[in-house]
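The structure appears right after this line, and notes come after that.
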Amino acid sequence: MSRKINRIGIACCFWLIGVLPAAKSQDAEDRQLLHSGDAGRQHWMLDGKWQVAVDWYDKGGADEIIRNKQPAGKADFVEYSFDNSETLQVPGDWNSQRPELKYYEGSIWYRRRFDCGVKPGKRYLLDFGGVSNRCDVFVNGEKVGSHEGGFTSFRFDITAMLRSGENLLLLKVNNERRVDAIPARKFDWWNYGGITRSVTITEVPDVHISDYFIQLKKGSRSQLGGWVQLSARDSKRAVTLEIGEAGIRKTVYTDTLGRASIDIAAALTLWSPENPRLYRVRISTEQDCLQDEIGFRSIEVSGTQILLNGKPVFLKGVSFHEEIAQRQGRAFSESDARQLLSSARELGCNFVRLAHYPQSEQTVRMAERMGLMMWEEIPVWQGIQFTNPVILQRASTMLHEMIDRDKNRCGIIIWSLSNETAPSAARNAVLTRMAAEARQADPTRLISSAFDAFKYNKNEILIKDSFSLQLDVLAANKYMGWYHPWPAGPGNVVWKSDFNKPLIISEFGGEALYGNHGSADTASLWTEEYQERLYIDNIAMFDKIPFLAGVCPWVLADFRSPFRMHASFQEGWNRKGLLSDRGFKKKAWFIMYHYYKSMDEKIKPPNNILQLPDKQ
Ligand code: GCB
C-alpha cells in the first residue's frame, strides 16, 4: 500500500469530482465516468449505494465471498448473496443508516461494481478517505491490502488486478474496539463503523506526480521550500512549478530518487485568519499535471508566544468531534463540515482543535478557506498500550498518513501526537520517536500533545512532565470545577511551568443539559447555570496565566458517547457542548462568545459577564 496524496488537490486541476449529475440507477452509478479536463487525469467516484452483507458473528467462509463464488451445479449452493442485498450509503457510517446497526461492532462486507475502461500505459489508484476502523480490500477476488485506523486516508495501486469491463471491489470492514488499537478499547465518543469517507479511482500516467510538499521554509516569510516526488525513481526529469498570481514559474529536476527540490524566493500575500489567501499552484511534468490551492504563512514560537507571520497570536479555539448531533451520525458531507465550522466562526474562533483524530479532507480545506487555524491529532487517546511494540508502528503509520494528506494545508499549524497519556518510560519512548518523525516529515509546523497530569502545590498548578521538552507548544486539558476541585479561587490559581514555552488550555468545561436551569453551585444538577459559572471561573483563571497562548473549550456541541450513563441528564450523550444536541446555544456559549469578542475589541469583557463572585 502506498500513502496517498490529497485527492481534492488533484481534482482541482481537472473536472471536480461530483459535478456531474447523480446517476439514477445502480448500474449507471457503478459505471459513472468522470471525464477529465485537458490535463489528462480521470477520476471515478465510487460513492453511492454499496451492496452489503452483515457478518454478524464474523463467521468465516470468507473465501467464497472473496472469490464471488456462485453455485456450480444443481447440487451446489453458497451461503451469501449480494444480489438482492440491502445497501449502505458510502460515504457514511452504518450505525445511523439502519436501526439494527446503531450499536453494531463487528464486520460488514461491502461490494461495488465499477468499470474504469483500463488503458495501456496508465496506472489506477484506489483511494479511501477513511474506513472505520479497519478493512481488507479485494479487487476481482485478489487481496489488494489491509488498513488499520478509521481516520486516515490510504491508497492502493490496483492496476495489476483490473480487467477491462466490469470489476468487483469488495471490502471487509470491521469496527471492533481492541485493546491494542488506536484508539484502544475505551474512548469517549461513538464507535461509528463503515466506509465513512469517499472512495475514488484515479487514472494517472505511468510516470506521475505521486506527492508534493510546498510551504514557506521554516522561519521564512519569503522563501518557498519543499519537493515534488515522481513515481519513477530516477533523475533529470523536469518538474515545473507555477504560481501565476505570484509571478512564479520555475523548472527543477529530479534526483536519483525521483524527487525534485523546491527553493524559490517569492513575494506572497500571507495567509491569516483575517485574510485567508490561497494561491493556485500548478505542478507539471512532461506527462502529468495537477493543481492545488495552497496558502503560505509562517508559524513559530518565541519564548512563550506563538507567532503567526511573525506576530503574536492568541488561539481562540473550540474542539469538535466529526459528528452531527442532530442526525446522530458521523459528519461526512460538505454541508456537515460547513455546519461545524460555521458554528466555530460564530463563536468568534480563529482556531479549531479537530478532536480526537484527523477529520475529513473537506473539513480541513473548508476551515482553511474560512481562515481557521487548526490543530490536527491522531487518536492516541488515553489507555494506549505503550509497552506493546505494535503501538509505535500503528501510531507512526497514522502520524505519517495524517501529515501526508494535510502537509500542504497552511491552516494546520499544530500536529498533535496524543491526548491525555499517563507519563511513563514507555510512553516517553513512543512519543519521543513520533515527535522526531513528525519533525522530519514536516519541519515547518509546531508539535504538541495534550496532557492532563499536573502536580499541585497549594494554589499552584505545576507543569513538570519531562516530555514537554520535545514539544513546541504545551497543552493542558484541565477541568477545574468539574473533574478537579479548584485549588484556590479561580483568580488566585497560579500556573507554573518548568518550560519556557507557550501553553494552550486545550480542554476545559463541564456538562449541562440544555434548558435545565437552576443552581449555579451544584455540579450534579447538570444546570446551564453551573456550566456557565465554570466558564466564568475558567476565564478568570486564564487572565492570570502569563504564558497562555490559546484556549479551547471542550466542546462545541453535545456528542454521543456510551461513557455517559446518567439516565436523566446524559442518556448516552456527553453534555459538555456549548451547543445542545439540537444545536441550541447554552448559557456558557455566550460567556465564551463575549470572551473572544472582548479580545478582538481589545477591551475588558463587559462587567455583567464576569461579575459572579469567586466560589472560594
Ligand atoms: C477529556 C478527553 C475528552 C473527553 C472529555 C470529557 O479529557 O480528552 O475526549 O470527552 O475529557 O468530557 O470527559
Side-chain angles (χ1 to χ4, degrees), residues 132-133 150-151 177 181-192 317-323 325 328 330-331 340 351-359 375-384 395 414 416-423 427 431 448-454 461 463 465 467 471 473-485 503-514 523-524 526 528 530-531 534-535 538 550-566 569-581 586 588-589 592:
S132 279
N133 294 325
F151 304 100
R177 288 169 292 112
I182 300 176
R185 244 185 95 65
K186 295 185 203 161
F187 44 89
D188 186 20
W189 65 87
W190 202 263
N191 183 25
Y192 292 110
V318 76
S319 302
F320 54 81
H321 274 292
E322 192 169 40
E323 181 184 74
Q328 301 192 21
R330 176 151 291 155
L340 294 165
F351 172 71
V352 288
R353 178 178 177 209
L354 302 174
H356 279 298
Y357 36 77
Q359 300 197 8
W375 158 305
E376 192 165 37
E377 69 191 24
I378 51 172
V380 175
W381 188 94
Q382 295 182 8
I384 297 289
I414 295 174
S416 166
L417 308 175
S418 66
N419 180 72
E420 299 190 351
T421 53
R427 178 209 73 169
L431 294 188
S448 192
S449 258
F451 293 135
D452 65 335
F454 300 96
I461 303 180
I463 305 179
D465 191 325
F467 182 69
L471 305 174
V473 176
L474 310 177
N477 295 353
K478 210 74 206 110
Y479 287 86
M480 308 301 299
W482 187 255
Y483 294 131
H484 310 279
L503 172 74
I504 302 175
I505 299 290
S506 39
E507 288 182 27
F508 67 96
E511 300 207 18
L513 181 65
Y514 173 74
S524 62
W526 258 262
E528 284 197 47
Y530 189 87
Q531 189 195 38
L534 281 180
Y535 273 74
N538 271 283
V551 298
C552 211
W554 187 259
V555 58
L556 180 64
D558 289 357
F559 62 93
R560 295 175 75 220
S561 169
F563 266 29
R564 309 296 165 177
M565 299 182 291
H566 195 291
F569 299 119
Q570 295 179 308
E571 299 176 287
W573 290 86
N574 182 316
R575 298 278 182 206
K576 294 193 186 69
L578 293 170
L579 298 172
S580 74
D581 54 15
K586 300 183 196 173
W589 166 283
M592 222 43 225

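In listed order, ligands and their atoms are each counted from 1.
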Checklist outcome for this item: Short version for F187: what comes under 4.0 Å of ligand 1, heavy atoms counted, is neither
Checklist entry - Which atoms form the tightest heavy-atom contact between W381 and F187, and what is the distance? => result CZ3-CA, 3.4 Å
Item to check | Side chain, backbone, both or neither: the part of D452 lying under 4.0 Å from ligand 1 by heavy atom | outcome: neither
Checklist entry - Relative to each other, are the rings of Y535 and F508 parallel, tilted or perpendicular (30° and 60° limits)? => result tilted
Checklist entry - Can N477 and S506 be counted as having a side-chain donor-acceptor contact under 3.5 angstrom? => result yes
Checklist entry - What part of E420, side chain, backbone, both or neither, has a heavy atom within less than 4.0 angstrom of ligand 1? => result side chain
Checklist entry - What's the shortest distance from atom 10 (O) of ligand 1 to any protein heavy atom, and which residue and atom give it? => result D188 OD2, 2.5 Å
Checklist outcome for this item: Test salt bridge (Lys or Arg N to Asp or Glu O under 4.0 Å), reference D581, set R575, K576, R560, K586, output is R575
Checklist entry - How far is atom 9 (O) of ligand 1 from its nearest protein heavy atom, and which residue and atom name does that atom have? => result H356 NE2, 2.5 Å
Item to check | Shortest non-hydrogen contact from L417 toward I378 | outcome: O-CG1, 3.6 Å
Checklist entry - Does ligand 1 have an atom under 4.0 Å from some heavy atom of H321? => result no
Item to check | Residue that, paired with W189, satisfies ring pair (Phe, Tyr, Trp, His ring centres under 6.0 Å) out of F559, Y357, F563 | outcome: Y357
Next on the checklist: Can you see whether R353 engages S416 through a side-chain donor-acceptor pair at a distance of less than 3.5 angstrom?
Outcome noted: no
Next on the checklist: Check this for me - ligand 1, Y479, N or O atoms closer than 3.5 angstrom, yes or no?
Outcome noted: yes
Checklist entry - Just which atoms of ligand 1 are under 4.0 Å from any heavy atom in N477? => result 8 (O)
Next on the checklist: Can you tell me how the ring of W554 sits relative to the ring of H321, calling it parallel under 30°, perpendicular over 60° and tilted otherwise?
Outcome noted: perpendicular
Checklist entry - Nearest protein heavy atom to atom 6 (C) of ligand 1, by residue and atom, and its distance? => result K576 NZ, 3.3 Å
Item to check | Top protein contact for atom 1 (C) of ligand 1, by heavy-atom distance | outcome: E507 OE1, 2.9 Å
Next on the checklist: For K478, which part has a heavy atom under 4.0 Å from ligand 1: side chain, backbone, both, or neither?
Outcome noted: neither
Checklist entry - Side chain, backbone, both or neither: which part of F563 comes within less than 4.0 Å of ligand 1 when only heavy atoms are counted? => result neither
Checklist outcome for this item: Per-atom filter on ligand 1: closer than 4.0 angstrom to a heavy atom of R564 are 6 (C), 12 (O), 13 (O)
Item to check | Atoms of ligand 1, numbered as shown, that sit under 4.0 Å from any heavy atom of N419 | outcome: 2 (C), 8 (O)
Checklist entry - Any chance the rings of Y514 and W573 have centres within less than 6.0 Å? => result no
